[in-house]
Protein chains: 2
Amino acid sequence: MNVKSTLREYLRRRGLKVTHQREEIAEIFLDSPHHLSAEELYQQIRESHPQVGLSTVYRTLNLLVQAGLASRREFGDGIARYEPVAENKHHDHFICVRCGAIIEFANQKIEELQSEVAQQNNFTVLRHKLELYGYCEKCRRRR
Amino acid sequence: MNVKSTLREYLRRRGLKVTHQREEIAEIFLDSPHHLSAEELYQQIRESHPQVGLSTVYRTLNLLVQAGLASRREFGDGIARYEPVAENKHHDHFICVRCGAIIEFANQKIEELQSEVAQQNNFTVLRHKLELYGYCEKCRRRR
DNA sequence: CTTTATGCAAAAGGTTTGCAACAGT
DNA sequence: ACTGTTGCAAACCTTTTGCATAAAG
């Protein structure tokens, strides 16, 4: 709902149009588990709105990314995933190499580390991605 | 050269063949700046060996990854990059969002952080990727 | 000789785009 | 009315694959 109104504002500010499709896609995007691919979002949409096209899903996701409301990630399988940009809730990802589970975690020290490294190297850091690959709790036992 | 001999061993151990193409690709892979895409490697190869096909480059890169000699990375533009796996020299990446430069850096604290987070969440971490996105030294001035 | 690799072209798979019909402002 | 958007199909781009030929062991 917050994303929806922010998107509306974003669209109006640039003379773009607030369409049903965009609103629907934004809504489903919000209510879904994180790390949705375009195809998955498309399947969800078509349950309630069978006429929506896959291209519109892609176009709207790109729009959300441009508006800073979504971020696009690639975890190495060639399929892009999108997730809402939560204002104050940055998190990172653990990816299980055995079962493929993607688990979020947050760690305060990462922020410190980030600015420290940035200073050392004269970078201005806008954002970061940290991914840990290994075995999740279940899979480490079964290994 | 180390990669080349390790690759040779890897191939022999599984009854695969040591071909000119594989040796050439491994060699160029070594001598090149990091973060090479398959296409870039292909262009390099063809300067000295115009008969080599792009599929062979892909196949050999996959081989190198399977052998643990290369790692495949995706930085968000849909093109996979490959880099040699340096045994004891883990590093991470800074990506400039303005000029696209990819700069490596290393930070010891990352390792500590990693095991800490792993413990907290009951993961077994095999490897990690940390990417910082922002402005590099040049671009932050010109901004 | 037998088996695996190569190069080419074609296929795949995800994502983007051209265009005529359509909807928002 | 005007301008931007949609859905469809086709195009695109990177990566993979099938197959006949070539090279390695």
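A quick note: this is a predicted structure, and the numbers were derived from the prediction, not measured. Below, chain A is the first sequence line, B the second, and so on; all start at residue 1.
Along DNA chain D, the nucleotide nearest to B/Ile79 and the one nearest to A/Arg46 differ in position, and the one closer to the 5' end is contacted by A/Arg46. Ranked by how close their nearest DNA chain C nucleotide is to the 5' end, B/Gly15 and B/Pro50 are led by B/Gly15.
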Dump the intermediate steps for ring-ring contact (aromatic ring centres under 6.0 Å, His included) on B/His93 and B/His35, then the final yes or no. CA-CA 10 Å; B/His93 297 96; B/His35 321 119; 4.5 Å; yes
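A/Arg59 comes within 4.0 angstrom of a base, heavy atoms only. Nucleic acid contact class of B/Ser55 (heavy atoms, under 4.0 Å, all strands): base. Residue B/Glu39 is classed as having no contact, given no heavy-atom separation below 4.0 Å to the nucleic acid.
Counting to the nearest Å, the P atom of C/dT16 and the CG atom of B/Asp77 are 12 Å from each other. In this structure, the OH atom of B/Tyr42 is 9 Å from the P atom of C/dG7, given to the nearest Å. Atom-to-atom, CD of A/Glu23 to P of D/dT6 comes out at 11 Å; the value is rounded to the nearest Å. The separation between A/Glu24 atom CD and C/dA23 atom C1' is 15 Å, rounded to whole Å. For the pair B/Lys17 NZ and C/dC1 C1', the interatomic distance rounds to 11 Å; values are reported in whole Å. One can place CG of A/Leu54 at 10 Å from P of C/dG14, the figure rounded to the nearest angstrom. Taking atom CZ of A/Arg13 as the reference point, atom C1' of D/dG4 lies 18 Å away to the nearest angstrom. One atom, CZ of A/Arg12, and another, C1' of C/dG24, lie 11 Å apart when rounded to the nearest Å.
Phosphate contact (OP1/OP2 of C/dT6, side-chain N/O of B/Thr19, threshold under 4.0 Å): present. Look at A/Gln21 and you'll find a side-chain N or O under 4.0 angstrom from OP1 or OP2 of D/dG7. Close to D/dT15, at under 4.0 Å from its OP1 or OP2, lies no side-chain N or O of B/Asn62. Applying the 4.0 Å criterion to OP1 and OP2 of D/dT15, one finds that B/Tyr58 has a side-chain N or O inside that range. At least one side-chain nitrogen or oxygen of B/His20 sits closer than 4.0 Å to the OP1 or OP2 atom of D/dA24.
Going from atom CD of B/Glu23 over to atom OG of B/Ser5 covers 9.5 Å, rounded to the nearest 0.5 Å. Rounding to the nearest 0.5 Å gives a distance of 4.5 Å between CG of B/Leu11 and CG of B/Leu7.
A 4.5 Å side-chain heavy-atom check between A/Phe75 and A/Ile102 finds at least one atom pair inside the cut-off.
Here the closest heavy-atom approach between residue B/Ile28 and residue B/Ser48 is recorded as CD1-OG, 4.3 Å.
Here the nucleotide nearest the side chain of B/Thr56, chosen from C/dG7, D/dT6, D/dT15, is C/dG7.
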